[in-house]
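Here the structure is laid out as structure tokens; the discussion comes afterwards.
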Amino acid sequence: MSANDKQIGGSHYKRGGEEHWDRVNRLGLNYFQGAATKYIERCYLKGNTVQDLQKAVHFLEKLIEIEQRKADAACGDGSEPTSGYVNQD
């Protein structure tokens, strides 16, 4: 029996015939991206919409901290850290 054949908890974990962890793996998402998308996907299914969205934001805030540290370390020349501008292209 595979882990996908066993369901522990609610049915909100399997949507569209694909388990969230399989989607995370298929898309190559990291831990923080996977956790954020988990809470976003299920936010309207459990009755805790705002709390689930806050949890997603919390994981994204941590991911931003990590990526900002990487970007700042890459400067390495003593220049100012990157601005708050986010290119959305």
Side-chain angles (χ1 to χ4, degrees):
M1 172 185 281
S2 84
N4 285 0
D5 294 332
K6 184 161 89 173
Q7 181 64 48
I8 300 172
S11 61
H12 56 273
Y13 294 105
K14 185 180 250 179
R15 298 192 40 163
E18 183 178 37
E19 291 277 357
H20 180 264
W21 58 29
D22 290 329
R23 194 165 27 266
V24 167
N25 184 55
R26 179 174 51 80
L27 296 173
L29 302 181
N30 67 32
Y31 171 77
F32 298 100
Q33 293 168 316
T37 58
K38 173 182 76 173
Y39 287 113
I40 291 168
E41 286 185 6
R42 76 179 200 181
C43 72
Y44 293 110
L45 303 175
K46 290 183 58 188
N48 297 320
T49 303
V50 172
Q51 184 179 52
D52 278 343
L53 292 173
Q54 289 169 332
K55 288 177 181 180
V57 167
H58 193 211
F59 277 97
L60 292 173
E61 287 170 341
K62 181 61 178 177
L63 180 57
I64 289 167
E65 286 178 13
I66 292 167
E67 294 301 325
Q68 187 65 59
R69 269 190 242 120
K70 285 183 196 175
D72 292 346
C75 287
D77 59 3
S79 64
E80 289 294 314
T82 58
S83 71
Y85 174 75
V86 177
N87 184 349
Q88 297 181 1
D89 291 335

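- Nearest heavy atoms, Cys43 versus Thr49: O-OG1, 2.9 Å.
- The line from CG of Leu53 to CD of Gln51 is 10.5 Å long, rounded to the nearest 0.5 Å.
- For the pair Leu27 and Arg23, the minimum side-chain heavy-atom distance is below 4.5 Å.
- With sequence neighbours excluded, the residues satisfying side-chain hydrogen bond (donor to acceptor under 3.5 Å, both in side chains) with Glu67 are Lys70.
- Closest of all the heavy-atom pairs between Ala56 and Ala36 is CB-O, 3.6 Å.
- The distance from the CD atom of Glu41 to the OG1 atom of Thr37 is 5.5 Å, given to the nearest 0.5 Å.
- With a 4.5 Å cut-off between side-chain heavy atoms of Ile, Leu, Val, Met, Phe, Trp and Tyr, the cluster of Tyr44 takes in none.
- Taken from NE2 in His20 to CZ in Arg42, the straight-line distance is 10.0 Å, to the nearest 0.5 Å.
- Annotation: side chain of Gln54 is not in contact with side chain of His58 (no heavy-atom distance under 4.5 Å).
- Residue Tyr31 belongs to a hydrophobic cluster whose other members are Phe32, Tyr39, Phe59, Leu63, Ile66, with links defined by side-chain heavy atoms closer than 4.5 Å.
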